[in-house]
Amino acid sequence: MIDKIKISLNDYSPNDNINWKSKEVKNCPPEKYFYKAKLYNSKFATKKFPLKLLLTANEKNNIFSLNIRGSIRKWYYQENSRKDLNSNEFDKCLKFIAEELNTELKTLLKGKITQLEVGVTLLLKSEMRNLIDCFVKYRNAERKIVKKTSLYFHFKNYNLIFYDKYLEINNNDIRPQKKRNVFNKFYLFRFEVNAKKVSGTILKSKFNTLEKLRNNWNQLPPMLEKYIDDIVFVDVISKEKETDIKDYPDFINHIAYMGIKKYGVIESINLFNKFVNTSNKKKKLEDFINIYRSNVTNELDLKRKLSTALAKKLDRLYNKSNI
DNA sequence: AGAGGCCAATTACCATGGAA
DNA sequence: TTCCATGGTAATTGGCCTCT
């Protein structure tokens, strides 16, 4: 479940086998010296997806501190795939990193986590392809579509990110027939909570050191599920219902639906947000969105399929499997 | 200089209850 | 019923400080 991470260790005795290269850092105290290096996973012959190291030497007290950053998921597997670290693999991964750094696991576990990306890739059917269009709102985040296939809910200290993992793995090139077949059949849906500043997010209390992250691993699944649950979801993929106007309220409802459809669900919600400012705005918005919902079928039951797929994946990740 | 921690201020969310 | 005010709680941000 853990992908990109930034860890800082306060007191670390540098491993001489690592090829440290000195680095210039402007505007910092004269007693400090900086060195950078790349850390590879020696369990593999390949040298890919290194973790980036920054070593700080303090001449005054002779203490070294170390920053580690990169995707431990890619580093551990040495590939970018749909696999996600389960708890056993996360443990092993930390052990390997400690070995490569030539330090004790318990030293590494004291490391503070300042940036963290928690994520999963779900294997969905291609009928779910446009799922991100159904994620119309999340709290007061800025909603942003990037390159048509990615969705960001943007906050100051973190983002919720959704994208097509299969396209990302293949650099958007799925021309070979074999890849095209996979693409036409499945949708590898990636969901990440990306904290740029752990101390400014909900992660700060339980996931701000490696040790806490390891001990509180079982609290990651409910957290991810809550994020998905809290997204305002509107099925914009399923077909619309046959028009059946029996009375005046039906008539008005249908006209409003046509208006929302013509204007766009997202745009309509934005306008609603701008114009409506009562104390029970949340409920009013629900009513407003229900106008749209009441006019479309739910033939694909997308929200439930998504929740089920997420729950299953999170359950497997708890230890048994990584896919 | 820029990243990040800490804590306080601000804002969003939600339940409750009385008024319209 | 629906509407609005209120208050508690949690989420998010801003400011100020330290460290690399």
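Below, each value reflects all heavy atoms present in this structure, side chains not excepted, and no hydrogens, waters or symmetry copies. Since this is a predicted model, take the numbers as computed values, not measurements. Chain letters run A, B, ... following the sequence lines, proteins first, then strands; residues in each count from 1.
No hydrogens or angles considered: a donor-acceptor pair under 3.5 Å links the side chains of A:Glu117 and A:Asn194. Side-chain contact check for A:Asn80 and A:Arg73: at least one donor-acceptor pair (N or O, by modelled atom type) lies under 3.5 Å. A donor-acceptor pair shorter than 3.5 Å can be found between the side chains of A:Asn295 and A:Asn253. Neither side chain, A:Asn159 nor A:Glu192, offers a donor N or O lying under 3.5 Å from an acceptor on the other.
With A:Lys281 contributing its side chain and A:Asn273 its backbone, the two residues share a donor-acceptor pair below 3.5 Å. A:Lys4 contributes no side-chain N or O that, together with a main-chain N or O of A:Lys6, makes up a donor-acceptor pair within less than 3.5 Å.
For A:Lys284, the side-chain atoms get nearest to C:dC4 when compared with the rest of C:dC4, C:dT20, C:dT13.
Residues passing the salt bridge (charged side-chain N to carboxylate O under 4.0 Å, His left out) test with A:Asp11, sequence neighbours excluded: none. Partners of A:Phe272 by ring pair (Phe, Tyr, Trp, His ring centres under 6.0 Å), not counting sequence neighbours, listed by chain and number: A:Phe288. Partners of A:Leu317 by side chain to side chain contact (heavy atoms under 4.5 Å, CB included), not counting sequence neighbours, listed by chain and number: A:Met1, A:Asp84, A:Asn86, A:Val120, A:Lys313.
Summarising the geometry, the separation between NZ on A:Lys283 and C1' on C:dC3 is reported as 11 Å, rounded to the nearest angstrom. When the C1' atom of C:dT1 is taken as reference, atom CG of A:Asp287 falls 13 Å away, rounded to whole Å. C:dT20 atom C1' lies 19 Å from atom NZ of A:Lys52, rounded to whole Å. A straight line from CG of A:Leu66 to P of C:dT20 spans 12 Å, rounded to a whole angstrom. Atom CZ of A:Phe153 is separated from atom C1' of C:dA11 by 16 Å (rounded to the nearest Å). We find that NZ of A:Lys23 is positioned 15 Å from P of C:dT20, with the value rounded to whole Å. Put simply, CD1 on A:Ile202 is 16 Å from P on C:dT9, counting in whole angstrom units.
Remark: A:Tyr33 is not in phosphate contact with C:dT20, judged by side-chain N or O atoms under 4.0 Å from OP1 or OP2.
By the 6.0 Å and 45° rule, A:Lys165 does not stack over the aromatic ring of A:Phe189.
An end-to-end axis angle of 30° holds for the helix from B:dA1-C:dT20 to B:dA20-C:dT1, taken from five base pairs per end and rounded to 10°.
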Legend entry - Protein proximity profile, nucleotides 2-20 of chain B - base contact B, sugar-phosphate-only contact S, no contact -, cut-off 4.0 Å on heavy atoms: -SSB------SSS------

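Ring pair A:Phe162/A:Phe191 is parallel by interplanar angle, where below 30° counts as parallel and above 60° as perpendicular.
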Output a table of nitrogen or oxygen pairs between the protein and nucleotides 17-19 of chain C separated by less than 3.5 Å.
none

